[in-house]
Protein chains: 2
Amino acid sequence: MATIRELARQCGVSVATVSRVFNNPEVVNPDTRKNVLDTAARIGYLPNESARTLATKKSHMVGLVWDTHHRRPGWRHPFLQEILIGLKTALSDRGYHLLMLATSDGEGSHDRAVRRHDLDGVVFIDDGTEDPALLRLAASGVPCVSLDRPVTGPRATHVISDNAGGARAAVHHLHGRGRRAIATIAGPGRTAPGAERLAGYRAALAELGLPARDGYVAEGDFYLAGGHAAMRRLLELDERPDAVFVAGDEMAIGAIRAVTEAGLKVPEDVAVVGFDDIELAALVQPGLTTVAQDKAGFGTAAAAALVAMIDDPAAAPPPPSVLPTTLVVRGTT
Amino acid sequence: MATIRELARQCGVSVATVSRVFNNPEVVNPDTRKNVLDTAARIGYLPNESARTLATKKSHMVGLVWDTHHRRPGWRHPFLQEILIGLKTALSDRGYHLLMLATSDGEGSHDRAVRRHDLDGVVFIDDGTEDPALLRLAASGVPCVSLDRPVTGPRATHVISDNAGGARAAVHHLHGRGRRAIATIAGPGRTAPGAERLAGYRAALAELGLPARDGYVAEGDFYLAGGHAAMRRLLELDERPDAVFVAGDEMAIGAIRAVTEAGLKVPEDVAVVGFDDIELAALVQPGLTTVAQDKAGFGTAAAAALVAMIDDPAAAPPPPSVLPTTLVVRGTT
DNA sequence: CTGAAAGCGCTTACAG
DNA sequence: CTGAAAGCGCTTACAG
């Protein structure tokens, strides 16, 4: 592979000049610039990234921490693919690559990988665990953006859906459909989406003057089986709910199954609203009414926040992005 | 950050010795080795990857080419997440990170990124397009493994499901259920899975002595809407099929919808077998009988092939991995 | 078993 | 606008 030295030789200039052509083009004479560019294209010169990183401490790579799955086996994100597309696209438009950080590597932990590779920033996808390496990272001053979970750090911010708002909209919708005995199947309280959606549910009840009955809150785990089990508990109540706001679509589908198995009908006997708007929501019969998240928005917002921090090391971290949600009404309400 | 020089100073040895401790430990005196390791841990020394890569030309990173989605908008993999988990885990166990290669970056194309970053290998996830940059890459001698698509190159191999075998099993299963008018909804002929599953279907018909009727082959696009449209065409045939092998689960779900909309029943009037065994297959009602692919197997097989090529630059590429499939019988047959 | 030295391919003050 | 030189943090023959 041609090196900068070789290119410089062929152009009859110094390596410094070649370097400037690529990094600071406006400072070099237009003619020599053109000459360098042309012969670079001709001989197939490509700057070596390791050498650049070594010299500048900028790797043009952003780490992605996802799935500490040795700890939470089977953990899945409901729309990881959409997030990755959004992230990758937005990042690459700005010249950054995404490095998927391994969890079980010999480097020990994520913060080590970040230092070893001179990563310019990192994005976490929350898996609901408290990873000390992640907290160290956020505290270390490396630009960090966390998805679905607040973080604090000198250069850390997060992007999250308007979970409470979405939950409120769901409950108001149910109320508008004439339902008054509205229960909820919540996500795990240790996750921000779980906690915030539950808070939104409660706020909506208060706004609507509906009583907050203890038994009407069943906690699930965001998975189908959890939703199924939670719904069964709800159906055994003396005052059976006539509607349920479920904090995740997978759980909602499990819940619907439980309703059907009990010989009841959705939405006639029990109306159901989910959260997420996963692909499946439109495919089940009847279609699932749900609170749609801006899936691609996670990636683009994260990339924008990251790049802002990287570009201006002195700036305060951007405020958290709160992505609006949209109620999508289908057949279950 | 502590550098090797600083660590060497603190240990009273040369940087060469420190380097050996990390790269060739058996060659250094046990006592000095221990000393180096201990003080490295104490002062938090971490070897800088860019410097290592610059010196050795090994980056310990593998590129992932996925989603040239500016060209095929909306393209999705039915089980990308499972593949990524398998890949990442297997690779990281061997000390490699995964770099997601951007498509729209300033580097132009994938083969450039590979050279710039000294990537040790690359894995492609087929999107059904012919990317010249990918062909160049495979031809260049960089270790390559392609998923779901044959490639040729001095150090290239691929991993693919036993598509024909799976298709045959599906048709034989339908035949065993007493069906004799068995149609198929095929994937795009330009993709290997599309072509091979169709070939398997035809082979099975021949084995069973069933006629191969022209109208019984409808081509879809692997997506729901395509399966729906294809099924409608099949239902309009004079000799309506009583069974259909659909080359992908999403299409199968679309096909089932078309059957239902036509006032017919699955499986009574038309039995359906899909391919993939996506999560959804177990969730629809009735459950979709389908040919399951070894989803995690893609990642682990790819990682193994890649590492084998990386570890032995002189070796011939490993033969293609053909992953066995499994028929999962549920309610649609 | 260990050290001195060259080299990997860039960038960036510093002079001019 | 351009060049000479130092430096980024490692690895690896080559001697000893």
Side-chain angles (χ1 to χ4, degrees), chain A residues 1-37 39-40 43-61 95 106-107 112-120, chain B residues 1-37 39-40 43-61 95 106-107 112-120:
Chain A
M1 262 227 19
T3 72
I4 196 176
R5 172 150 275 108
E6 169 65 8
L7 177 55
R9 197 187 58 69
Q10 292 211 21
C11 296
V13 299
S14 72
V15 299
T17 295
V18 172
S19 177
R20 287 186 196 103
V21 168
F22 290 102
N23 297 301
N24 224 356
E26 60 282 2
V27 94
V28 6
N29 176 294
D31 288 344
T32 85
R33 188 202 308 160
K34 177 169 179 0
N35 181 227
V36 169
L37 254 15
T39 90
I43 71 177
Y45 168 74
L46 254 22
N48 180 284
E49 281 300 327
S50 303
R52 300 187 77 191
T53 301
L54 182 56
T56 63
K57 299 297 160 207
K58 285 209 48 168
S59 63
H60 299 279
M61 292 193 299
E107 306 176 312
R112 287 164 178 274
V114 171
R115 285 166 55 201
R116 288 180 66 136
H117 292 274
D118 295 308
L119 298 185
D120 297 328
Chain B
M1 260 224 26
T3 72
I4 196 175
R5 171 151 275 108
E6 169 65 10
L7 177 55
R9 199 188 57 70
Q10 291 211 23
C11 295
V13 298
S14 73
V15 298
T17 294
V18 172
S19 177
R20 287 187 196 105
V21 168
F22 290 103
N23 298 301
N24 224 357
E26 59 283 3
V27 96
V28 7
N29 176 296
D31 288 345
T32 86
R33 186 202 310 160
K34 178 170 179 356
N35 181 227
V36 169
L37 255 15
T39 90
I43 72 176
Y45 168 74
L46 252 24
N48 179 285
E49 281 300 326
S50 303
R52 299 186 76 191
T53 301
L54 182 58
T56 62
K57 301 296 159 206
K58 285 208 48 168
S59 63
H60 300 281
M61 293 194 298
E107 307 176 310
R112 289 163 177 273
V114 170
R115 287 165 56 204
R116 289 180 66 137
H117 291 274
D118 296 307
L119 297 186
D120 297 329

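Below, chains carry the letters A, B, ... as their sequence lines are ordered, and counting in each starts from 1.
- Here the separation of D:dC10 from D:dC14, taken at their P atoms, is 24 Å to the nearest Å.
- Atom P of nucleotide C:dC10 and atom NE2 of A:H60 are separated by 13 Å, given to the nearest angstrom.
- Nucleotide D:dT11 holds its P atom 12 Å from the CG atom of B:L7, rounded to whole Å.
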Pair pattern of DNA chain C in dot-bracket, where unpaired bases get dots and | marks partners in another strand, Watson-Crick or G-U under 3.5 angstrom: |||.||||||||.|||
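- Comparing C:dC1, D:dT2, D:dC10 by their nearest atom to the side chain of B:T3 picks out D:dC10.
- We find the CG-CG distance between B:L7 and B:L37 to be 9.5 Å, quoted to the nearest 0.5 Å.
- Rounded to whole Å, the distance from CG on A:L54 to C1' on D:dG9 is 5 Å.
- The NE2 atom of A:H117 sits 13 Å away from the P atom of D:dC10 (whole-angstrom rounding).
- Nucleic acid contact class of A:T32 (heavy atoms, under 4.0 Å, all strands): sugar-phosphate only.
- Per the geometry, CG belonging to A:N48 stands 13 Å off C1' belonging to C:dG7, to the nearest Å.
- Distance A:R115 CZ to D:dC10 P: 11 Å, rounded to the nearest Å.
- Shortest non-hydrogen contact noted between A:V15 and A:R5 is CG1-CA, 3.7 Å.
- Taking atom NZ of residue B:K57 and atom C1' of nucleotide C:dG9, one finds them 7 Å apart after rounding to whole Å.
- Nucleic acid contact for B:F22: none, since no nucleic acid atom lies under 4.0 Å from a heavy atom of the residue.
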query: After noting the C-alpha distance and the side-chain angles of B:H60 and A:R116, does the key distance pass the side-chain contact (heavy atoms from CB on, under 4.5 Å) rule?
result: CA-CA 12 Å; B:H60 300 281; A:R116 288 180 66 136; over 6 Å; no
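- For A:N29, the side-chain hydrogen bond (donor to acceptor under 3.5 Å, both in side chains) test picks out no residue, with sequence neighbours left out.
- Residues passing the salt bridge (Lys or Arg N to Asp or Glu O under 4.0 Å) test with B:K58: none are found, sequence neighbours excluded.
- Atom CG in B:D118 sits roughly 13 Å away from atom P in C:dC8 (whole-Å rounding).
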Taking only N/O atoms, report every protein-nucleotides 12-16 of chain D pair under 3.5 Å with atom names and distance.
| from | atom 1 | to | atom 2 | distance (Å) |
| --- | --- | --- | --- | --- |
| D:dA13 | N6 | B:R20 | NH2 | 3.2 |

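- Under the side-chain hydrogen bond (donor to acceptor under 3.5 Å, both in side chains) criterion, A:K57 pairs with no residue, sequence neighbours left out.
- Checked against D:dC1, D:dT2, C:dG3, the side chain of A:V28 finds its nearest nucleotide in D:dT2.
- Nucleotides D:dT2 and D:dA6 are separated by 23 Å at their P atoms, to the nearest Å.
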Please tabulate, for side-chain N and O atoms in residues 20-27 of chain B, each donor-acceptor pair with protein atoms closer than 3.5 Å (sequence neighbours left out).
| from | atom 1 | to | atom 2 | distance (Å) |
| --- | --- | --- | --- | --- |
| B:N23 | OD1 | B:R52 | NH2 | 2.7 |
| B:N23 | ND2 | B:S19 | O | 3.0 |
| B:N23 | ND2 | B:S19 | OG | 3.3 |

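- A close approach under 4.0 Å does not occur between any side-chain nitrogen or oxygen of A:R5 and OP1 or OP2 of C:dG9.
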field: Test log, rule side-chain contact (heavy atoms from CB on, under 4.5 Å), inputs A:S14 and A:T17
entry: CA-CA 5 Å; A:S14 72; A:T17 295; 3.4 Å; yes
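- Partners of A:R9 under the side-chain hydrogen bond (donor to acceptor under 3.5 Å, both in side chains) rule, at least two apart in sequence or in another chain, are A:E6.
- Remark: A:D118 pairs with B:N48 by the side-chain hydrogen bond (donor to acceptor under 3.5 Å, both in side chains) rule, at least two apart or across chains.
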